Amino acid sequence: MLEHETTLFLVCGKIAAGKSTLAKELAARPATVLISEDHWLSTLYPGEILNLDDYVRYSAKLKKALEPHVVDLLNEGLSVVMDFPANTLKQRRWLHGLCVASGVHNELHFVDVPDDVCKRRLRERNKSGQHAYQTNEEEFDLITRFFVPPSQEEGFHLRIHQI
């Protein structure tokens, strides 16, 4: 008998909101695996993701490759933390499809942080050099234009984290 409910954990929030930090915390639970898009993309395509179009193309390839693996992990009773952005309706539809395919419980964690705080964190993160990608404030503004906050109607068990 499993001592936990198999869950697909998802994270949503703007760049530098703290999604990866939260994802690592969620993955510390027993029988839980972390899958980080930034890790996989930077490892598989080093130096090849130079703009938003590159990101979209390579991210789509990665999602297609990982989808059956994630469903298999969930079907085996392991919870999975997807440190992939769930920031647009399209991204969340793909992630919700993983929940449907595996029939497991889900939690969408929305890290709701103001833009000025994200930009400050982004500058600090870039200065540290410890993140796989350096994003400037112009790119932050461009990508943030596509951000859509999640809603209960999307079929997720929504958890909101505010600072």
Side-chain angles (χ1 to χ4, degrees), residues 7-29 32-64 66-67 70 79-100 105-163:
T7 302
L8 179 61
F9 295 97
L10 312 168
V11 291
C12 174
K14 297 174 184 172
I15 296 171
K19 296 181 304 295
S20 293
T21 300
L22 176 60
K24 289 174 187 169
E25 291 172 11
L26 294 169
R29 298 170 185 216
T32 303
V33 176
L34 173 65
I35 301 177
S36 167
E37 182 183 53
D38 285 346
H39 168 78
W40 282 93
L41 289 177
S42 66
T43 301
L44 292 172
Y45 308 109
E48 295 181 49
I49 300 177
L50 304 175
N51 55 49
L52 188 56
D53 289 337
D54 292 340
Y55 165 75
V56 170
R57 181 174 57 257
Y58 288 119
S59 177
K61 289 181 179 188
L62 180 62
K63 288 174 184 172
K64 186 174 183 176
L66 284 178
E67 185 171 333
V70 172
S79 290
V80 175
V81 179
M82 295 292 289
D83 187 6
F84 279 61
N87 295 341
T88 67
L89 293 171
K90 182 177 180 181
Q91 290 169 329
R92 289 194 295 270
R93 278 193 295 270
W94 175 72
L95 292 161
H96 194 268
L98 298 175
C99 299
V100 171
H105 177 74
N106 69 68
E107 288 185 11
L108 174 58
H109 291 259
F110 175 26
V111 185
D112 188 10
V113 176
D115 287 2
D116 61 320
V117 175
C118 290
K119 286 181 178 183
R120 178 181 48 78
R121 290 177 178 176
L122 181 62
R123 288 189 297 272
E124 292 168 1
R125 184 170 86 181
N126 286 344
K127 188 183 252 186
S128 78
Q130 294 184 6
H131 194 270
Y133 295 104
Q134 299 284 310
T135 303
N136 62 42
E137 289 189 33
E138 293 79 27
E139 293 166 329
F140 174 92
D141 291 335
L142 171 67
I143 293 167
T144 297
R145 288 192 346 228
F146 298 100
F147 181 81
V148 178
S151 69
Q152 292 288 350
E153 293 75 32
E154 295 178 66
F156 295 105
H157 294 94
L158 188 57
R159 309 281 187 260
I160 300 175
H161 305 261
Q162 295 178 314
I163 64 160

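These numbers come from a predicted model, not from an experiment. Numbers here simply count residues along the sequence, with the first being 1.
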Under 3.5 Å, side chain of Asp112 to main-chain N/O of His161, donor-acceptor pair present?
-> no
Step-by-step side-chain contact (heavy atoms from CB on, under 4.5 Å) determination, Trp94 to Met82 | CA-CA 12 Å; Trp94 175 72; Met82 295 292 289; 3.7 Å; yes
Return yes if some donor-acceptor pair links the side-chain N/O of Ser59 with the main-chain N/O of Val56 below 3.5 Å, else return no.
-> no
Just wondering, do Arg121 and Val113 contact through their side chains at under 4.5 Å, heavy atoms?
-> yes
Rounded to the nearest 0.5 Å, the NZ atom of Lys19 sits from the CZ atom of Phe110 at a distance of 10.5 Å
Side chain to side chain, Pro85 and Phe146, heavy atoms closer than 4.5 Å = no
Given side chains that start at C-beta, do those of Arg92 and Cys12 come closer than 4.5 Å, heavy atoms only?
-> yes
Under 4.5 Å between any side-chain heavy atoms of Glu48 and Asp54, yes or no?
-> no
Hey, mind stepping through Thr7 and His157 against side-chain contact (heavy atoms from CB on, under 4.5 Å) and telling me if it holds?
-> CA-CA 11 Å; Thr7 302; His157 294 94; over 6 Å; no
His109 and side-chain contact (heavy atoms from CB on, under 4.5 Å): which partner among Leu26, Leu158, Ile160, Leu10?
-> Leu26
Is Phe9 close to Arg159 at the side-chain level, that is, under 4.5 Å between some pair of heavy atoms?
-> no
Under 4.5 Å between any side-chain heavy atoms of Gln91 and Lys63, yes or no?
-> yes
Nearest-0.5 Å distance that lies between atom CZ in Phe147 and atom CZ in Phe140 | 9.5 Å
Whether Glu67 side chain and Lys64 backbone form a donor-acceptor pair below 3.5 Å = no
side-chain contact (heavy atoms from CB on, under 4.5 Å) test vs Lys24 passes for just one of Val81, Asp83, Leu34, namely Leu34
Measure the shortest side-chain to side-chain distance between Leu89 and Glu154 over non-hydrogen atoms and say whether it is less than 4.5 angstrom.
-> yes
Enter the distance from Ile15:CD1 to Ile143:CD1 here, rounded to the nearest 0.5 Å.
-> 3.5 Å
Heavy-atom side-chain proximity of Asn126 to Arg123 below 4.5 angstrom | no
In chain order, what residues pass the side chain to side chain donor-acceptor pair (under 3.5 Å) check against Lys119, with sequence neighbours excluded?
-> Asp141
Rounded to the nearest 0.5 Å, the CG atom of Asn106 sits from the NE2 atom of His96 at a distance of 5.5 Å
What's the spacing between Asp115 CG and Arg120 CZ if we round to 0.5 Å?
-> 13.0 Å
In Å and rounded to the nearest 0.5 Å, what is the CG to CD1 distance from Leu44 to Ile49?
-> 9.0 Å
Among Asp38, Val11, Leu66, Leu41, the one residue meeting side-chain contact (heavy atoms from CB on, under 4.5 Å) with Phe84 | Leu66
